[in-house]
Amino acid sequence: MRSSKKGSSSFATASPSRPAFGATSSAGGLFSGFGTTSSGFGAQPQLPSPNPRPPSPTPLPKTVVQVQAAVAAPKGQSQGNAKTTEETSESEPEPSPVGSPRSWGPPPTTGGQTKGFADEATLGEYAERSHALLEILKDLHSTGIQNELDLPKIVVVGSQSVGKSSLIESMSGITLPRNSGTCTRCPMECRLQQAPNWSCQVVLRFQYDASGKLRNEMREVPFGSAIYDKDEVTERLERAQLAILNPSTRSESFLSGDYEPTEETLTFSANCVCVRVAGPNVPDLYFYDLPGVIANVSDGGKEADIELVDKLAMSYVSRPNCLVLLVITCDTDFENQKAGRLVLKSKDRTLKDRTVGVLTKVDRIQPGDEDRWLKILRGEELVLRNGWYCVKQRGPKELESGVSWEDAKTQEQTFFTTEAPWCDLGDSLSGRVGSEALSSELGRTLSKLVSRELPKIQAQVITQLSESKASLAKLAPLNVEQPQTEVIRLLQEFNRNLSKHIDGIPPAIPAFDSPSQDSENAPNDGLMNTLNTSYDKFRHRIRDTAPHFKPWSSKRQTKEGEADPMAGIKLDDDMLAASSARVFYLDEVMDLAQRSRTRELPGNFPFSVKEALINQCTRQWRDIATECFQGVWDRMVDHVNRLIEDHFGRYTRGGLKVDVQAIILSHMQEFAKVAMQKVEGLVQTEDAPYTQNDHYFFDYRTKLLLRYKAAHRKSKSQSSVIQSLQDHDLSRKPQRSDAQTQWQNINDVLSGLATIGIPGIMATDLIKLLPDDNMGPAFEIMAEVRAYFQVAYKRFSDNVPKQIDTDFVRGITKNLDVVLLSRMMNNLTETKCREYLEEPPEIVGKRKELEARIKRLQAAKDRLLEFNQSYDHGFLRTSFDT
């Protein structure tokens, strides 16, 4: 057995956060005058105090705008119109006008010394607001939601033996355990705040199990009673770290007696020792101290610990809301300090903007090397947006002689005011020396960050709480006392939901969805919308089988750069030249007609010519219709399977999901067979050309004949007459003289026709009178074939989707509830239904995880609401009624 003081100890920091960066330093008791201490960690009661101070009167409610202004106001800004202390004591303060909240700002500083401040009430209220913000941050961390949210935090990072412990001692006033090698082996959360009497509380926070896996529910364990003697803190912290490194052993056993490490003792842990220190002259601050970054291990050490500590550090500093306090010692070259490289050489470009540098052990700089470190302090090297600070802590001799931290702080002030070159820094840098200036700046910066991020945190808490409750509701335990009733209810609920989707539910709109909708897993993505995609593709493919006629000779020589005479010519919205079918030229159609004649009278051609050209197109429709149905089938099966997973995914262990899936698939196959038979019937009706749609057929035929003849003339560079006829407007005379003559000629022709008793003739009708080069029958065949295709393709592209929708999509919901119950009748015994409802372990585990998450979020929400009501009436404006 050995004394616990002889073992390796550790404590550190954990949790990242991005503060409001770029603030200049302020020193000289900036946070003096804080109120009484508030509640301890988590659900712990307020720390007892030997001489409790009488409660202060309840402050007037202030809006959060005041809090934000308090921590964000630039230095030197104060309220010039503030009342004097005497006025305040004799009369009630006037309420701030609505919309004009008072702005709180820290006092101006010069050279690290606080200037006179005209409004002491302002400083006190500013400190009170800062204290409240850091207190709410501590409480939020105590709920465990830092795993769900990126809470603001300060994280102290440094290599081994760079003076991190001494720096923390100088800020907190407590003595940390010191051993050779790596001292800190787990994160240590430090909450410092001013109070009339000194006290300390140590709490163990277990967020991870022994294997490093995140626990469903964070556990905080008070480690001993409150401490009122500073000399007891060191041993308590060392024992607390031992308890963290031995999670399988009851923590109470480490409070007394000796303890030897075992094989189960961890070398490092991500679990946290929480230290709360309150007392006079204690800065209001909240930060995490991490284990020192190590470059190598001693004999017998674990090489894996090097990577483990690096990952632990990066898990904190990589978060956007983490302000990094990088500690660099001046008695070793910067290049040899791994923590510096880890932060300053990171691929994360924002990390340098979120880092405050601290130079320690400046009293050990070798003579002649001062300028190198002064360049860093001045921002000439290793530039950081938030700059660098210098501190001097107790050295080995001071520690050995028992110099207190109060005396050490006095020695530090004396050093920086008397020793060159530090005493000659000037006003621009004198505010960046000393641990007091550093802690004041960190506290102010963290308060600004919390003030800025608090509304976002509140909104995220409400959103995640609502989502978690919705997810938990879907995993609510079933009524196993009546298993048959529960199974029937599940089947009926599935049938109703499937019917809704088939009737047509629009796609989910995240901004307007009900919170109960699981947008990630629910198949509410618009079933009919996805089926319409298949139908649209089907229609386009049918249209692309249109006969591709070119009304000019196949022997025509195309000039370079010459446009296709059919380009841009449309029928309805369909481009006549846009077809993937075989091209038929005018002379080829005429040749086919001539070769097909048998006993027809002169000038007549057999109908089989048109039929053959039509069948050239429609013979492809069977395959296209089959592919369309396959696409609908695939989408339906995918959607139904997702619905089955949504309704029965938690019942895989007893086989309920598999049985329902098999029944639904068989049911769908039956309706698919019927639907495909009817689609085949539609395909067969298109084998022979037929239509009673005379109006559209003749209308298309007339339009196409004009278009084909116009394109024919254009192909022979005779488009001027056709263009004049197409552009003719009886009411508008052209401007050009040559066009005026043609316009008048056309008018004369139309007038002459009306005079002889042929009225109503349009200029475009005259195109029919143009000579057709003895190709008139070919023009007629082309126009009629293409006109019939237009009628038939629109009919077919409507009928096939309609048949699929009627006989397959809508068909599968007909009597589905009866089918499910009848086919499962033999399995609806009480024993089988109880087996059906048996949940797999992962579902039970997920429910527990959600319950723990809801508990954390609810605790955070309650604490935020309490803060809103106590300090910032109206700040957190989002409704809490969720």
Side-chain angles (χ1 to χ4, degrees), residues 543 546-579 583-587 589-590 694-787 789-791 794:
R543 186 187 63 186
H548 196 177
F549 293 126
K550 292 193 174 182
W552 55 82
S553 172
S554 60
K555 299 179 178 61
R556 173 178 175 266
Q557 297 294 323
T558 304
K559 298 178 181 179
E560 185 177 355
E562 183 181 2
D564 187 333
M566 290 291 291
I569 299 180
K570 292 183 178 181
L571 182 63
D572 293 341
D573 291 329
D574 300 331
M575 301 294 296
L576 294 182
S579 174
V583 175
F584 284 94
Y585 289 94
L586 184 64
D587 57 332
V589 173
M590 192 65 197
D694 297 352
H695 172 74
Y696 281 111
F697 175 75
F698 286 119
D699 183 60
Y700 288 143
R701 179 184 179 278
T702 301
K703 293 178 180 177
L704 285 162
L705 191 59
L706 293 175
R707 286 163 172 74
Y708 284 143
K709 285 192 174 183
H712 176 69
R713 288 292 170 184
K714 190 182 294 185
S715 71
K716 301 184 73 174
S717 300
Q718 298 175 351
S719 60
S720 59
V721 175
I722 296 174
Q723 193 68 40
S724 298
L725 294 172
Q726 290 177 333
D727 297 342
H728 183 75
D729 186 349
L730 184 63
S731 62
R732 187 172 62 187
K733 189 176 182 179
Q735 297 295 324
R736 300 197 330 265
S737 58
D738 56 338
Q740 291 176 2
T741 302
Q742 185 74 324
W743 179 80
Q744 187 61 51
N745 290 336
I746 296 174
N747 281 348
D748 293 343
V749 171
L750 297 177
S751 298
L753 290 173
T755 301
I756 64 175
I758 309 177
I761 300 300
M762 305 294 292
T764 53
D765 294 332
L766 300 179
I767 297 176
K768 302 174 186 177
L769 303 177
L770 294 173
D772 54 20
D773 299 332
N774 297 320
M775 292 290 182
F779 281 115
E780 294 283 345
I781 293 171
M782 292 165 64
E784 289 194 8
V785 170
R786 187 62 175 83
F789 175 85
Q790 199 73 8
V791 172
K794 291 193 172 184

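Of all heavy-atom pairs spanning E784 and F697, the tightest one is O-CE1, 3.6 Å. Residues H712 and P551 share a closest heavy-atom pair of ND1-O, 2.9 Å. The two atoms that bring L704 and A787 nearest to each other are CD1-N, 3.3 Å, heavy atoms only. Pairing each heavy atom of P547 with each of V785, the nearest pair is CG-CG1, 4.0 Å. Among all heavy-atom pairs drawn from A711 and W552, the shortest one is O-CE3, 4.3 Å.
Checking side-chain atoms of D587 against main-chain N and O of S553 turns up no donor-acceptor pair under 3.5 Å. No donor-acceptor pair closer than 3.5 Å links the side chain of R786 to the backbone N or O of M782.
Looking at residues two or more places apart in sequence or on another chain, you find no side-chain hydrogen bond (donor to acceptor under 3.5 Å, both in side chains) involving N745.
Between the OH atom in Y700 and the NE2 atom in H695 there is a gap of 8.5 Å [rounded to 0.5 Å]. Note: T702 OG1 to R707 CZ = 10.5 Å, rounded to the nearest 0.5 Å. The OG1 atom of T755 lies 10.5 Å from the CG atom of L750; values are rounded to the nearest 0.5 Å. Note: E780 CD to M775 CE = 14.0 Å, rounded to the nearest 0.5 Å. If you take CZ on F789 and NZ on K794, they are separated by 11.0 Å, rounding to the nearest 0.5 Å. The OH atom of Y708 lies 14.0 Å from the NZ atom of K703; values are rounded to the nearest 0.5 Å.
Ring planes of F584 and F549: tilted class, angle from 30 to 60°.
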